[in-house]
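See structure below.
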Amino acid sequence: MLNIRYEKTTNPKPIPGPENPLTFGTIFTDHMFVMDYSDDKGWYDPRIVPYAPISLYPSAMVFHYGQEMFEGLKAYKAEDGRTLLFRPDKNIERANNTNARICIPQIPAEDFLQAIKAIVKTDEAWIPTKPGTSLYIRPFIIATDPFLGVRPSHTYQFIIILSPVGAYYPEGLNPVKIWIEDEYVRAVRGGLGEAKAGANYVASLKAQVKAHDAGYSQVLWLDGVERKYIEEVGAMNIFFKINGKVITPMLNGSILPGVTRRSCIELCKEWGYEVEERKISAEELFNAALDGSLEEVWGTGTAAVISPVGHLRQGDTDVEINGGGIGELSQKLYDTITGIQLGKMEGPQGWVVEVE
Ligand code: COI
């Protein structure tokens, strides 16, 4: 159990009202959670302090070798006033898997959850309530040793910041256009692909710029070895409905194990769909699009929730999916997942955790 000390701001900012369109990740609340680590003390001095710049040496290892991890989850305000988190245990489990992969010390799950609840409770008034909005929670850890040389740091800082957000894509729930990337790769098996580390996202930038310039929202990554099999999209996992079956690339070490991905699989199975987690090639996908058996494509992610895909392009070929509109199953998944997150619908046991 953490003994959190509080230093509240004396200069609170105005909280955005319902008229604010809330683009993603641009506004931050009044406070942040901070906790330090050193090899001799372990995790120490958990505190909630005003949201402000942090001070690090220019030699801090995070700047040079990228030893950094992050997570993303959301808090929601239910109609009855409760503040709810969606499956935070899964984010915490993944955070510690990422930590293990990049040599950052573990944070006990109960302390992690306590820290999330404490910061959300502190800035609870910032949770927006308009449909499609939520309070995005961004926990991250950085290596802080002032040292030039490649080894794990001996000191770290764990920080949680909060941001009231709307839809991740400007398209909202309208289908996005996706570019299948066959020049650059995001990750390879044995690399960092399944870890939520900043390094994976910097690896994606070049292709993302290329896709944006061509008028596409996101990049769909192929496997790093054969450049044949579909892995994931820039900020989401990917699902296909082909001939009535739900198909998603199996977790193979280079794909992020998404919490929304897992929730989608569990819901689809409960609704009686056959769900296949397996290798699926871009060729199989395009063939399905051409012969009419590709019924729906959607991405899943905490930020993106469910994001229907209306177009896929590889090389010179662009295919339209489901007439460029939202598929029935994508819509049902969106309605159900957001319904559970907002406490309007009953979800499976343990999916929703109240912040009291
Ligand atoms: C999320 O969905 O929470 C993410 O971290 C994706 C993106 C914002 C990088």
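Each ligand, and each atom within it, is numbered from 1 in the order the structure gives.
Counting only N and O atoms by type, the side chains of Q349 and W351 include no donor and acceptor under 3.5 Å apart.
Of all heavy-atom pairs between N99 and P105, the closest is ND2-O, 3.5 Å.
Between F158 and F33, the gap from one ring centroid to the other is short of 6.0 Å.
With sequence neighbours excluded, no residue forms a ring-ring contact (aromatic ring centres under 6.0 Å, His included) with Y334. Under the rule for a ring-ring contact (aromatic ring centres under 6.0 Å, His included), the partners of W43 that lie at least two apart in sequence or sit in another chain are Y37. For F147, there are no ring-ring contact (aromatic ring centres under 6.0 Å, His included) partners at least two apart in sequence or on another chain.
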Return a table of N or O atom pairs, ligand 1 on one side and protein on the other, at distances under 3.5 Å, rounded to 0.1 Å.
unit_1	atom_1	unit_2	atom_2	d
ligand 1	2 (O)	T302	N	3.4
ligand 1	2 (O)	A303	N	2.8
ligand 1	3 (O)	Y136	OH	2.5
ligand 1	5 (O)	Y136	OH	3.3
ligand 1	5 (O)	K196	NZ	3.0

